[in-house]
Amino acid sequence: MSKDKLWGGRFTQPTDKFVEEFTASIDFDKRLYHQDIRGSIAHARMLGKQQIIPMEDVELIVSGLQEILEQIEAGKFDFSISLEDIHMNIESRLSAKIGEAGKRLHTGRSRNDQVALDIRLYLRDELVGISAYLDLLVDSLLGQAEKNINVIMPGYTHLQTAQPILFAHHMLAYVEMFKRDKGRMEDCLKRANVLPLGAGALAGTTFPIDREHVAELLDFPEVTRNSLDSVSDRDFALEFLSASSILMMHLSRLSEELILWSTSEFKFIELSDGFCTGSSIMPQKKNPDVPELVRGKTGRVYGNLMALLTVMKSLPLAYNKDMQEDKEPLFDTIDTVKGSLKIFADMIREMRVNTENMRNAAAKGFSTATDVADYLVRKGMPFRDAHEVVGKSVAYCVANSKDLPELTIDEWKTFSHMIDEDIYAAITLEASVNARRATGGTSLDGVRKEITRIRAGK
Ligand code: ARG
């Protein structure tokens, strides 16, 4: 009956059963139980301090909530759909436990500012966890860079061989991306870390509450400044979903490369067996399921961002029930991002690099053609002319099935008299890589310095 409901007073008819199920969020918002209880304890303590409710009641509320917390954690709490969400499940159990005092907890508060608080508390904790996972992944990538510091691979543009690079340099490119992702998560934390409680339903409260005290109890550096905005703002969640989408985009690009590098055509790397599966029909197969799945899961994270943006679009101020739809995309994204980061950190750590194949591929495709042009420039030829000369020598090589290092000095001389014996030393893979010494380049010294810098947390 409607009389079971915490809001049943103005109703005479019970809620339709299906409406009850359709509108309930308990199935997914129960994961906010810890934050809900933590927020309620802080709220109750503040109400006591401000003499809005008696201190004896505060003690009862706090110990009652702590018991409920233990029950939930022990799996002994029966969540009820007819109590709609986590907030009312807990509050109603509290009143059943301690009577009158429990019914005073919701003084000066609404579920609208309560749920805003709970999500902020929840996201705040998860952001710290996600940053830690990002550190783990960065550590794995750095480990690969260190272990394979001398390995040379082809660098690509348009997926065509471009110039030789250190494999470590390639790993460090992803380190840069994931470090920026961490920065975005930290930025998001700044906006999430603001206390909305005290906004009431939308307009504030008639009770002499002390929001700054609640903020202190809950470790919020700031309180929100407008009650309407406090209950209707989900920007912090959208920021997290945006940052997560960019992070998944990075993981997806890395996935794509790992998948490509695992093919029998490339054979640059081997993922360890634990991260691959076989085929039920083709006995030879070892499929890179993990990077494929992460690449696929990128789609659902983008979808979650789009879902919440669309939910929020056109919502009039302040709270609307539509906003209950914020939780599933948020929770799903948190789970997906954490799972993807964890599995990638482990998989990258165990990945084996096929040094020979990378090196052989780097030697193909006239990858040192730019180095020949740069060589001519150092001898005084304008770069555009040098480009033309090397273009012709490449065409000659193609026609005669040769690589640039295989040209004899007489052959070189037909393209330019400026070319001497020292050309051979200038166009080895090592020379090509190590010549790129300016900050951010692929030279061995430069890459070593970058690893040291990042390891030092700079
Ligand atoms: N379950 C609700 C949500 O997640 C809590 C807030 C409900 N507020 C209300 N006025 N119905 O958004």
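Counting starts at 1 for both ligands and their atoms, in listed order.
- What sits closest to atom 2 (C) of ligand 1 on the protein, heavy atoms only, is Gln324 OE1, 3.3 Å.
- With sequence neighbours left out, the side chain to side chain contact (heavy atoms under 4.5 Å, CB included) criterion links Met306 to Leu309.
- Among all protein heavy atoms, the one lying closest to atom 9 (C) of ligand 1 is Asn112 OD1, 3.4 Å.
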Taking it one step at a time, do Gln163 and Thr370 satisfy side chain to side chain donor-acceptor pair (under 3.5 Å)? CA-CA 8 Å; Gln163 293 170 351; Thr370 318; 3.0 Å; yes

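- Counting heavy atoms closer than 4.0 Å to ligand 1, residue Gln114 contributes nothing at all.
- Among Arg111, His87, Glu325, the residue whose heavy atom lies nearest to atom 11 (N) of ligand 1 is Arg111.
- The aromatic rings of Phe178 and His250 stand perpendicular to each other, their planes meeting at an angle above 60°, with 30° marking the opposite boundary.
- Taking a cut-off of under 4.0 Å to the non-hydrogen atoms of Ser25, the atoms of ligand 1 that pass are 1 (N).
- The atoms of ligand 1 that sit less than 4.0 Å from any heavy atom of Lys327 are 3 (C), 4 (O), 12 (O).
- Although no hydrogens or angles enter the test, the distance criterion places a donor-acceptor pair under 3.5 Å between the side chain of Thr263 and the main chain of Leu260.
- The nearest heavy-atom contact from the protein to atom 6 (C) of ligand 1 is Tyr319 OH, 3.5 Å.
- Every residue two or more places apart in sequence or in another chain that forms a side chain to side chain contact (heavy atoms under 4.5 Å, CB included) with Asp16 is listed here: Phe18, Val19.
- A cation-pi arrangement is not found for Arg359 relative to Phe167, the charged atom failing to lie both closer than 6.0 Å to the ring centre and inside a 45° cone about the ring normal.
- A tilted orientation is assigned to the rings of Phe77 and Phe79, their planes being inclined by 30° to 60°.
- Against a heavy-atom cut-off of under 4.0 Å, Asp85 is close to the following atoms of ligand 1: 1 (N), 2 (C), 5 (C).
- Checked by distance only, ligand 1 and Lys321 stay at 3.5 Å or farther apart across all their nitrogen or oxygen atoms.
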